[in-house]
Amino acid sequence: MTSTACFIIVSRNDIPIYEAEREDAAQLHQFILHAALDIVQDLAWTTSAMFLKAIDKFNDLMVSVYVTAGHTRFMLLHDSRNEDGIKSFFQEVHELYIKILLNPLYLPGSRITSSHFDTKVRALARKCL
Amino acid sequence: MVGAGKIKQNANVLDKPLGKGKQEVSLSAFAFLFSELVQYNQTQVDHISELETRLEDAGYAVGARVLDLLCHREKGNRRETRLLGILSFVHSTVWKVLFGKVADSLEKGTEHEDEYMISEKELLVNKFISIPKDMGTFHCGAFVSGIVRGVLDNAGFPAVVTAHFVPVEGQQRPRTTILIKFAEEVLQREARLG
């Protein structure tokens, strides 16, 4: 059971569209994740897989990334080593994201405001991480 | 209690599984819907080119969603990183799911390195549409070129996509060609990836 986790979804245009914190060290975590975006950019074109595993380290925190077909990035900052749990977490969130995307009234790249989505992501985080 | 009907619990869409979706949708329902879409947009614009732009934007929204959905459903979560990969994805998978068959042909342009063409004898969206003479080069296939642009753009291959009628000898109705012209950065990246 990890004590630190920060999850953000970044759109194709490098704008965060969703954030979820486990604790309240918000500023630093988001800074780390944004800094990792450059690495993701290059790495995304070298492989056709979606799960990019751990791509960056900061002190004892690791950044894991999952890139969707539409180049929306799911980034997770964590201190655990549970790769399978993280992979299944990403896959479940991906399904939720697709359901949000299918809404014709949702503008791709805009903030995800659904509170139900937030609840489900947090429940998944508790379950998988 | 007598008379108490079943209370319908509206499940949130996020709780329902994605599923395989409907394999088939009524053609006439789609034709009606599409014709309404075109007619509605006709009343909103002053100029033909604006009408094409609006249809293209409608298609773009579809393309953006189709890309993510199909990569998840059909391709088991593999992204396309190469030009030919994404083109054959559009030509086969997208066409098959949207129109029930793969596109007739996929060709590389001879004059320019960055041009590709997807040809179709008769686009499904144009099946029940005839263009009056005074509308010139207007093509309802702008909707389909919008879909293609949506898929390519969101996959990281920005391109200009247009639909054209190409007259064919011996055939009464002209063939439709979707012309895809990729942006410079796409070709550079392709060259870099080798």
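A quick note: this is a predicted structure, and the numbers were derived from the prediction, not measured. Order of the sequence lines fixes the chain letters, A, B, ..., with proteins taken first and strands second; residue numbering starts at 1 for each chain.
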- Do any of residues 95-108 of chain A come closer than 4.5 Å to chain B, heavy atom to heavy atom, and if so which ones, in number order? Glu95(A), Leu96(A), Tyr97(A), Ile98(A), Lys99(A), Ile100(A), Leu101(A), Leu102(A), Asn103(A), Pro104(A), Tyr106(A), Pro108(A)
- Name, in order of residue number, those residues of residues 83-113 of chain B that have a heavy atom at a distance of less than 4.5 Å from a heavy atom in chain A; otherwise write 'none'. none
- Message: Is it the case that the side chains of Ser114(A) and His116(A) hold a donor-acceptor pair, with the cut-off being a distance below 3.5 Å and no angle test?
- Response: no
- Could you label the plane-to-plane angle of the Phe157(B) and Phe182(B) rings as parallel, tilted or perpendicular, counting under 30° as parallel and over 60° as perpendicular? perpendicular
- Query: What residue in Asp153(B), Val13(B), Leu70(B), Val151(B) has the most heavy-atom pairs under 4.5 Å with chain A?
  - Reply: Asp153(B)
- Task: Over 60° means perpendicular and under 30° means parallel, so classify the ring planes of His94(A) and His72(B), tilted if in between.
- Result: perpendicular
- Task: Measure the OG-CZ distance between Ser115(A) and Phe117(A) for me, rounded to the nearest 0.5 Å.
- Result: 11.5 Å
- Message: Can you confirm whether more than 12 heavy atoms, excluding those of Phe32(B), are under 6.0 Å from its CZ atom?
- Response: no
- Query: Between Leu69(B), Asp68(B), Leu193(B), Val66(B), which shows the greatest number of heavy-atom pairs under 4.5 Å with chain A?
  - Reply: Asp68(B)
- Atom pair CE/CD1 of Met62(A) and Ile86(A) - distance to nearest 0.5 Å: 6.0 Å
- Counting N and O atoms only, with roles assigned by atom type, does the side chain of Arg122(A) sit under 3.5 Å from a partner on the main chain of Glu21(A), one being a donor and the other an acceptor? yes
- Task: Could you verify whether a donor N or O on one side chain and an acceptor N or O on the other, from Gln41(A) and Arg73(A), lie under 3.5 Å apart?
- Result: yes
- Trace of the side chain to side chain contact (heavy atoms under 4.5 Å, CB included) decision for Leu37(B) with Leu55(B): CA-CA 8 Å; Leu37(B) 185 73; Leu55(B) 282 182; 4.2 Å; yes
- Item | Part of Leu67(B) within contact of chain A (heavy atom distance under 4.5 Å) | both
- Message: Whether Arg192(B) and Glu185(B) form a salt bridge (side-chain N of Lys/Arg under 4.0 Å from carboxylate O of Asp/Glu) is what I want to check.
- Response: no
- Message: When you measure from the side chain of Asn13(A) to the backbone of Ile15(A), do you find a donor-acceptor pair of N or O atoms at a distance under 3.5 Å?
- Response: no
- Item | Residues that, via side-chain heavy atoms closer than 4.5 angstrom, fall in one hydrophobic cluster with Met117(B) | Leu179(B)
- Which residues in residues 58-65 of chain B have any heavy atom lying under 4.5 Å from a heavy atom of chain A? Tyr60(B), Ala64(B), Arg65(B)
- Any donor-acceptor pair under 3.5 Å linking the side chain of Arg79(B) with the backbone of Ala44(A)? yes
- Begin with the C-alpha distance, continue with both residues' side-chain angles, and end with the deciding distance and a verdict on side chain to side chain contact (heavy atoms under 4.5 Å, CB included) for Val121(A) and Phe89(A). CA-CA 9 Å; Val121(A) 169; Phe89(A) 172 70; 4.2 Å; yes
